[in-house]
Amino acid sequence: MPELPEVETTRRGIAPHLQDQRVDAVTVRQPRLRWPIPADLAQRLKGQTILAVKRRAKYLLLETAKGHLLIHLGMSGSLRILSAGTPAQKHDHLDLVLANGRLLRLTDPRRFGAVLWCEGEPLAHELLRSLGPEPLGSEFDPEHLYRATRGRKIPIKQCIMDNKVVVGVGNIYASESLFLAGIRPGIAAGRLSRARIETLHGCIRQVLAAAIEQGGTTLRDFVGGDGKPGYFAQQLNVYGREGEPCRVCGTAIRQIVQGQRSSWYCPHCQH
DNA sequence: CCCGATTCCTGTAGGC
DNA sequence: TGCCTACAGGAATCGG
């Protein structure tokens, strides 16, 4: 499930293969994703050279002189670099055939992902415009998180998963950050002290940075641009570990449901 | 504005 | 073995 570390891992994997490459052909097999792939995508993109591969939140931005291709991996999407001519399989929805004889292929069984074309400033696109700060950027500082939590009654876990507060923190890393910070997921965001918010801020950055270093988390089928899985799953302390012993104190990890999402925590280490 | 519920989709796991 | 159901999840959107 691509959260920010998986998207960043993907970006790093595919960028060297796409940089300065011309798109010779575009194949759309299944346009019905989260939103339809634009019918005129091939016409817009064909012949364009990819100038840069950037990321904002969980969106990948392929820059060309005419516009940007925005790609979101949803929860089951992955992008891979393959040899042109590699047979397509089920759920292979989009290919960009490159001048160097390779192709960029989007696979997404659950089709929660998106592929959109954007002319003009991509950060002004309606889907990107009102996103919160990057968790690893300087704009996301303790003071920002403190202000964003004041007066809010929602559980802190749901608060840090809110894209307007900070982007890129999904279910896995929210649970893991709260474990490291020693904070129970159900506590009202606004009731946390400044000191605890500062701790949490540091833990969010620490967890995301470590996950990127490990190439992301592969639970089922995530692979980077090179087809390899990520290794952060080995370092998960609470996510998906209901009933298993806490790695710190041995107490059984608990699972609760918040906002239609599972959360896990250690009842001894987190308060 | 704030918050909770619903929605999209399909592979997988668990129950019988 | 096979059918059926529940569940997973990012994030927009709707309703209160």
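The figures that follow rest on heavy atoms only: side chains count, while hydrogens, waters and symmetry mates do not. Only a predicted model underlies this, so the values are computations on that prediction, with no experimental measurement involved. A note on names: the letters A, B, ... follow the listed sequences, proteins ahead of strands, and every chain is numbered from 1.
Distance CZ (A:R111) to P (B:dT7): 18 Å, rounded to an integer number of Å. Here B:dT10 presents its P atom at 9 Å from CZ of A:R32, a figure rounded to the nearest Å. Rounded to a whole Å, the NZ atom of A:K164 is 16 Å from the P atom of C:dG10. The CD atom of A:E126 sits 12 Å away from the C1' atom of C:dT13 (whole-angstrom rounding). Here the P atom of nucleotide B:dC2 and the CZ atom of A:R150 are 14 Å apart, to the nearest Å. In this structure, A:M75 atom CE and C:dG10 atom C1' are separated by 8 Å, rounded to whole Å. Atom-to-atom, CZ of A:R261 to P of C:dC7 comes out at 13 Å; the value is rounded to the nearest Å. Atom-to-atom, CE of A:M161 to P of C:dG9 comes out at 8 Å; the value is rounded to the nearest Å.
The side chain of A:H72 places an N or O atom within less than 4.0 Å of a non-bridging phosphate oxygen (OP1 or OP2) of C:dA11. Residue A:H91 has a polar side-chain atom (N or O) positioned under 4.0 Å from OP1 or OP2 of B:dG11. At the phosphate of B:dC9, neither OP1 nor OP2 sits under 4.0 Å from any side-chain N or O atom of A:S76. The side chain of A:Y239 contributes no N or O atom lying less than 4.0 Å from OP1 or OP2 of C:dA8.
When the side-chain hydrogen bond (donor to acceptor under 3.5 Å, both in side chains) test is applied to A:D24, the partners found at least two apart in sequence or on another chain are A:R22. With sequence neighbours left out, the ring pair (Phe, Tyr, Trp, His ring centres under 6.0 Å) criterion links A:H72 to A:Y59. Listed by chain and number, the residues in a side-chain hydrogen bond (donor to acceptor under 3.5 Å, both in side chains) with A:H91 amount to none (sequence neighbours excluded).
Using a 4.0 Å heavy-atom distance criterion, A:R34 is classed as a base contact. Among the heavy atoms of the strands lying under 4.0 Å from A:L127 are primed sugar atoms or P, OP1, OP2 only; no base atom is included. When heavy atoms are screened at a 4.0 angstrom cut-off, A:D108 is found touching no nucleic acid atom at all.
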Within the sub-3.5 Å range, which N or O atoms of nucleotides 3-5 of chain B have a protein N or O partner, and how far apart are they?
residue : atom : partner : partner atom : Å
B:dC3   : OP1  : A:K153  : N            : 2.9
B:dC3   : OP2  : A:R152  : NE           : 2.9
B:dC3   : OP2  : A:R152  : NH2          : 3.0
B:dA5   : OP2  : A:Q260  : OE1          : 3.1

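Of the residues in residues 114-123 of chain A, none lies under 4.0 Å from DNA chain C by heavy-atom distance.
Checking C:dA12, B:dG11, C:dA8 against the side-chain heavy atoms of A:W35 singles out C:dA12 as nearest.
Applying the salt bridge (charged side-chain N to carboxylate O under 4.0 Å, His left out) test to every pair with at least one member in residues 56-65 of chain A, sequence neighbours left out, gives these pairs: A:K54-A:E63, A:R56-A:E134. The salt bridge (charged side-chain N to carboxylate O under 4.0 Å, His left out) contacts involving residues 188-205 of chain A comprise A:E143-A:R194, where partners must be two or more places apart or lie in separate chains.
Side-chain atoms of A:D108 come within 3.5 Å of backbone N or O of A:G113 as a donor-acceptor pair.
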Report all side-chain donor-acceptor pairs from residues 159-167 of chain A shorter than 3.5 Å, counting only partners two or more places apart or in another chain.
residue : atom : partner : partner atom : Å
A:D162  : OD1  : A:K164  : N            : 2.8

Ignoring hydrogens and angles, write down the donor-acceptor pairs under 3.5 Å from the side chains of residues 123-130 of chain A, residues two or more places apart or on other chains.
residue : atom : partner : partner atom : Å
A:H125  : ND1  : A:L127  : N            : 3.0

Output a table of donor-acceptor pairs, distance under 3.5 Å, between side-chain atoms of residues 83-90 of chain A and any protein atom two or more places apart or on a different chain; print 'none' if there are none.
residue : atom : partner : partner atom : Å
A:T86   : OG1  : A:S83   : O            : 2.6

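Hydrophobic cluster of A:V257: no remaining members, since no ILVMFWY side chain lies below 4.5 Å from it.
Under the 4.5 Å side-chain contact rule for hydrophobic residues, A:V207 and A:I212 share a cluster.
Residues A:L104 and A:H17 have side chains not in contact (no heavy-atom distance under 4.5 Å, counting atoms from C-beta outward).
Side-chain N/O atoms of A:R110 and base N/O atoms of C:dA8 include a donor-acceptor pair closer than 3.5 Å.
Note on the helix from B:dC2-C:dG16 to B:dC16-C:dG2: terminal axis deviation equals 50°, with five pairs used at each end and the result rounded to 10°.
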